[in-house]
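Structure, as structure tokens:
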Amino acid sequence: MNWRNAWVLPIFLAAVLGLTPRLAQAFDFDTAVGPVILQHQTTGSPVVWDPPRVTMSLNLGSLPPGAVLTNGTTSWDTNAADALAIWNTVVPNFFTFDITAHNPCDSGDAFNTVGFAPDHCGDGFGDVIAFTRKTYVQRAERFVMTQADVVLNAQLCWDAYAGPRPLQFCKGTLGYAIDLHRVVLHELGHVLGLEHPDEAGQTVTALMNRSISDLDTLTPDDRTGAAFLYPQPSLAASAAPDSRGGGGGGCAMNPGASFDPTLIGAVGFIVAYVGWQRTRRRPLRYPTVGLRYV
């Protein structure tokens with residue numbers, strides 16, 4: 001038995017305690033264990049915005065005069081605003097936006113910004129496409145999000161298009177054009193509080209997976225995850241986890257009708273152990289050109 005595998009010890013303990021994994025929705029999120037925020041979790045209480053209303057400042061700049069993107073639009077901000085509107089079809093009125101200039105690398109300015117940056121907020125981008133910086137505070141003995149900034153790599157070749165990526169390389173580069181719309185749509189999922197389901201060991205078709213692909217819109221899994229984080233009356237029944245188990249999707253544990261202190265401690269250990277193994281978040285990758293998200 002390979003005890004270096006991160007899943008061996010939790011599964012072994014679950015078997016000893018007579019717990020049976022139960023398949024549910026394959027989405028994941030951030031949660032808190034003590035003073036630590038753990039990513040890619042499927043159990044526990046999600047870390048979300050309270051109240052669930054977020055204004056994003058779109059600061060993506062203008063195209064050169066006369067330039068038109070592949071999807072027929074003439075503004076980066078128009079594509080970002082459309083991505084916000086798509087998430088609002090799942091969590092109504094969650095996002096609003098303005099067109100103001102703020103620094104997406106300033107995590108303490110109280111503005112939630114979507115913008116390009118020439119570097120990884122002080123470090124080299126390397127092969128990173130984009131990343132989302134989130135700020136948390138503790139209120140009434142629980143963590144909530146208070147700021148989130150989406151940072152796009154300004155050194156890359158960007159476009160906006162639907163469907164599969166273009167077959168041709170960007171002019172003067174060795175890379176494909178990257179669709180800003182689907183990248184912002186993915187990163188806004190992180191702003192909501194979702195993480196990468198495939199980072200949680202789940203196999204599912206989702207825009208929120210870490211690998212950028214020809215998928216350019218939300219899937220049922222993405223929508224179910226957002227509805228679980230911010231329940232709406234008409235969606236609560238389909239997105240809510242089984243009342244007998246914990247968590248918010250993936251393989252939840254179904255411990256039965258009662259708990260004892262040993263079981264509670266063991267389940268807590270399992271959550272903390274698996275979360276610790278995942279704290280080094282692997283970024284979303286662009287398979288054919290070696291680019292990635294964090």
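Quick caveat: nothing in here was measured; it's all calculated off a predicted structure.
Looking at Gln147 and Asp109, their side chains do bring a donor and an acceptor atom within 3.5 Å of each other. In this structure, a donor-acceptor pair under 3.5 Å is present between the side chains of Thr89 and Arg223. Judged purely by distance below 3.5 Å, without hydrogens or angles, the side chains of Thr73 and Asn71 pair a donor atom with an acceptor atom. Checked by atom type, the side-chain pair Asp221/Thr224 shows no donor-acceptor distance below 3.5 Å. Residues Asp159 and Thr70 have side chains that bring a donor and an acceptor to within less than 3.5 angstrom of each other.
Thr74 is linked by a side chain to side chain donor-acceptor pair (under 3.5 Å) to nothing, counting only residues two or more places apart in sequence or in another chain. For Asp30, the salt bridge (charged side-chain N to carboxylate O under 4.0 Å, His left out) partners two or more places apart in sequence, or in a different chain, are Lys134. By the salt bridge (charged side-chain N to carboxylate O under 4.0 Å, His left out) test, Asp214 pairs with Arg165, sequence neighbours left out. For Asp98, the side chain to side chain contact (heavy atoms under 4.5 Å, CB included) test picks out Thr55, Ser57, Thr100, with sequence neighbours left out.
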Trace of the side-chain contact (heavy atoms from CB on, under 4.5 Å) decision for Arg182 with Leu215
CA-CA 8 Å; Arg182 79 189 65 185; Leu215 187 64; 5.9 Å; no
Expected list for residues 137-146: side-chain donor-acceptor pairs under 3.5 angstrom, two or more places apart:
residue, atom, partner, partner atom, Å
Arg139, NH1, Asp50, O, 3.3
Arg142, NH2, Asp50, OD2, 2.4
Thr146, OG1, Thr135, O, 3.4

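Trp49 and Phe94 have perpendicular rings, their planes meeting at more than 60° on a 0 to 90° scale where under 30° would count as parallel. In this structure, His102 and Phe111 have parallel ring planes: the angle between them is below the 30° cut-off, well short of the 60° mark.
No donor-acceptor pair under 3.5 Å is formed between the side chain of Gln202 and the backbone N or O of Ala200.
Applying the disulfide (SG to SG under 2.5 Å) definition to pairs two or more places apart or across chains, those involving residues 29-143 are Cys105-Cys121.
Side-chain heavy atoms closer than 4.5 Å link hydrophobic residues (I, L, V, M, F, W, Y) into clusters, and following such links, even through other members, never connects Val204 to Phe27.
Between the CG atom in Asp198 and the OG1 atom in Thr203 there is a gap of 8.0 Å [rounded to 0.5 Å]. Between the OG1 atom in Thr42 and the CD atom in Glu195 there is a gap of 12.5 Å [rounded to 0.5 Å].
Of the listed residues (Ile129, Val128, Asp123), just one forms a side-chain contact (heavy atoms from CB on, under 4.5 Å) with Phe125, and that residue is Val128.
Close placement of the His196 and His186 rings is indicated, their centers lying within 6.0 Å of each other.
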